[in-house]
Colleague: 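Handing you a structure now.
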Amino acid sequence: QVQLEESGGGLVQAGGSLRLSCVVSGQTITYFNYMAWHRQVPGKQRELVAALYLGGNEQYVDSVKGRFSIARDDAKNTVYLQMNNLQAEDTAVYYCLARYAAGGSRDYWGQGTPVTVSA
């Protein structure tokens, strides 16, 4: 039973920082092809924010490059999203994704943690 639990969201002023955590239970994070953070705001589709591949490659949406960074701690079975210099447009619910793709594919999503940035 794979479960993802996000935490670390909250209220922050523009220019501030937050670190989101995604704790995975039921499976080691190294089992997955990649871990990623998505976000969703009302009226918009869910957007890929950052991804960390098993081999170490990282991808970011252009709007967060230089401000956000994704990292993993295998010992804690946790993936982080460090968010610096937050802006109002970063306000969203942030979701963690674990993806496995080999002989079939499966995605596991967390329930999300909201981030609100006051301008």
Colleague: Out of the candidates Leu54, Leu4, Val79, only one should pair with Ile29 under the side-chain contact (heavy atoms from CB on, under 4.5 Å) rule; please name it.
Modeller: Val79

Colleague: With side-chain hydrogen bond (donor to acceptor under 3.5 Å, both in side chains) as the test, would you mind laying out the steps for Asn57 and Gln59 before giving the verdict?
Modeller: CA-CA 7 Å; Asn57 293 106; Gln59 293 184 347; over 6 Å; no

Colleague: Do you know which two heavy atoms are closest between Val61 and Leu48, and how far apart they sit?
Modeller: CB-O, 3.4 Å

Colleague: For Glu6 and Gln111, indicate whether the former's side chain and the latter's backbone hold a donor-acceptor pair under 3.5 Å.
Modeller: yes

Colleague: Once you round to the nearest 0.5 Å, how far does OG1 of Thr30 lie from CG of Asn77?
Modeller: 7.5 Å

Colleague: NE2/His38 to CH2/Trp109 distance, rounded to the nearest 0.5 angstrom?
Modeller: 4.0 Å

Colleague: Tell me the closest heavy-atom pair linking Thr78 and Ser21, and the distance in Å.
Modeller: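 Looking at all heavy atoms of both residues, the shortest contact is CG2-CB, 4.2 Å.
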
Colleague: Test Leu20 against every option in Tyr80, Tyr95, Trp37, Phe68 by the side-chain contact (heavy atoms from CB on, under 4.5 Å) rule and name the one that passes.
Modeller: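 Running side-chain contact (heavy atoms from CB on, under 4.5 Å) over Tyr80, Tyr95, Trp37, Phe68 with Leu20 returns exactly one hit, Trp37.
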
Colleague: Out of curiosity, Arg99 CZ to Tyr53 OH, how far, rounded to the nearest 0.5 Å?
Modeller: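 Arg99 atom CZ to Tyr53 atom OH measures 8.5 Å (nearest 0.5 Å).
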
Colleague: Do Arg106 and Tyr100 get their side chains close enough for a donor-acceptor pair, meaning under 3.5 Å?
Modeller: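 No, because no side-chain N or O of Arg106 sits under 3.5 Å from a partner of the opposite role on Tyr100.
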
Colleague: Going from CZ on Arg39 to CZ on Arg46, what distance comes out if it is rounded to the nearest 0.5 angstrom?
Modeller: 13.0 Å

Colleague: So does Arg67 get a backbone contact from the side chain of Asn85, meaning a donor-acceptor N/O pair under 3.5 Å?
Modeller: no

Colleague: Shortest non-hydrogen contact from Met35 to Ile70?
Modeller: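 Distance-wise, the nearest heavy atoms are O-CD1, 3.9 Å.
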
Colleague: If you compare all heavy atoms of Gln40 against all heavy atoms of Ala92, which two are closest, and at what distance to 0.1 Å?
Modeller: O-CB, 3.4 Å

Colleague: Can you tell me how far apart CG (Leu97) and SG (Cys22) are? Round to the nearest 0.5 Å.
Modeller: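 Answer for the CG-SG pair, Leu97 versus Cys22, is 8.5 Å.
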
